[in-house]
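Here is the structure we will look at, set down as structure tokens.
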Amino acid sequence: MERKPIMGFNTWNVFGENINEELIMQTADALISTGLADAGYKYVIIDDCWSLRERDENGNIVADPKKFPHGMRYLADYIHSKGLKFGMYSCVGDKTCAGYPGSCDHEFQDAKLFNEFGIDYLKYDYCYIPGFVKGKGRIRKMGLALARENPDIVFAACTWGSDDTKSWISETYAKTWRSTGDIWDNWKGTRHCIRQQLEMGLINYLGCFNDMDMLTVGQGGVGNVGKGGSTFEEYKTLMSFYALCGSPLIMGSDVRSMSKEYIDMLSNKELIALNQDTTTAKPFSLSDAENPIGAYAIAKFLANGEIAVGLFNLTDHEVEITPTISDTGIEYETKVTYTDVWTKESFEVIADKFTAKVKAHECKLYVVKF
Ligand code: GLA
């Protein structure tokens, strides 16, 4: 059973409803040839729009034969033969967000079918919940249905943080939960995603991770949620925030045509190690009396006794951020070593006496030891 943030690829950000067998197989091949699979990106997840609009006479959801002529088991077998994992999608409501059949009142039947398909992961969306049904109960129900079929299936609730998800998600079988609304690929989308997570609190703990939606890193403004795209540094800011906050790293970009600079960004070993750190501690904000509005200093205890610190500038101008590192328990006059996770440069400072200049939309990510 997975105990770390899931890493993989999902079809929605670029391809939306334009999905098919060939695309999925090519993506699986690209995960291997780019080295992204070796870096940890193992889950190939088909999002919404994979089925016909109606269930069959036995009440089963049917894979669209035009998009998936050999059926889902065939795809699962192909993906597994590459050493990868296979993810699919359904919804709490009687319809999915795009209007295909959802699992409401078919939870046990669908869980059986999905297990027969050979899935390792189910993303479970939150649209079209009938008025008389409680979303929380339905998340519990599908989690239970899947766990009975196959406890190794990762159940990924996609509730966008709504209905106060954070207060009840640990009462379900969910291993990840969507904490933010849908991302879009430009600076506003990135900032909105980060702000939503900050406003809700950095809720995250071992075994159930807050999923901030698919990473737009390298998307370049193309496809379903491509709205102008982001700069290299803006993608770095998003990647750093996901790493620090332990969000699942689910790529939304087309990995078949991704440029080397983004393959390198997504495969960065230090970033991934931070994301996958097994500590049980949640990230937390360092006090911000000294810091300008829109600038954030966030820390996270790591399993080895070191501390990750991220300085994020969501404003449109350069700011100076002073992380109050003593909030972690380090004494004021202690000499500490900061190592920049991206550049790998190290320097020594006295705790609380360090101020970083951070350019607009950019961030600094450090590991601190003393
Ligand atoms: C919702 C989810 C998205 C995607 C779409 C599919 O909006 O939040 O991630 O799955 O539905 O319709």
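Order of appearance sets the numbers: ligands from 1, and atoms from 1 within every ligand.
Within a 6.0 Å radius of CZ in R256, other residues, nucleotides and ligands contribute more than 12 heavy atoms.
Between the Q109 side chain and the G59 main chain, a donor and an acceptor come within less than 3.5 Å of each other. Side-chain atoms of D213 come within 3.5 Å of backbone atoms of I183 as a donor-acceptor pair (strictly under, hydrogens ignored).
By the 6.0 Å and 45° rule, R140 does not stack over the aromatic ring of Y173.
Within the 4.0 Å heavy-atom criterion, neither part of C49 lies near ligand 1. Residue contacts with ligand 1, taken as heavy atom pairs separated by less than 4.0 Å, do not involve Y126 at all.
Counting atoms of ligand 1 from 1 in the listed order, those under 4.0 Å from a heavy atom of W160 are 2 (C), 8 (O). Contact atoms of ligand 1 toward R178: 8 (O), 9 (O) (distance under 4.0 Å to a heavy atom of the residue). For ligand 1 and D48, the ligand atoms under 4.0 Å from any heavy atom of the residue are 6 (C), 12 (O). Set against the non-hydrogen atoms of C97, the atoms of ligand 1 under 4.0 Å away are 1 (C), 11 (O), 12 (O).
The SG atoms of C104 and C91 sit 2.5 Å or more apart.
Shown here for D211 and P248, the closest heavy-atom pair between the two residues is CA-CD, 3.5 Å.
D125 counts as a contact of ligand 1, since one of its heavy atoms falls under 4.0 Å from the ligand.
Considering backbone and side-chain atoms alike, K123 places an N or O below 3.5 Å from some N or O of ligand 1.
Counting protein heavy atoms only, atom 8 (O) of ligand 1 is closest to D182 OD1, 2.5 Å. In terms of protein heavy-atom proximity, atom 10 (O) of ligand 1 is closest to D47 OD1, 2.6 Å.
Relative ring orientation between Y121 and Y43 is described as tilted, the plane-to-plane angle lying within the 30° to 60° band.
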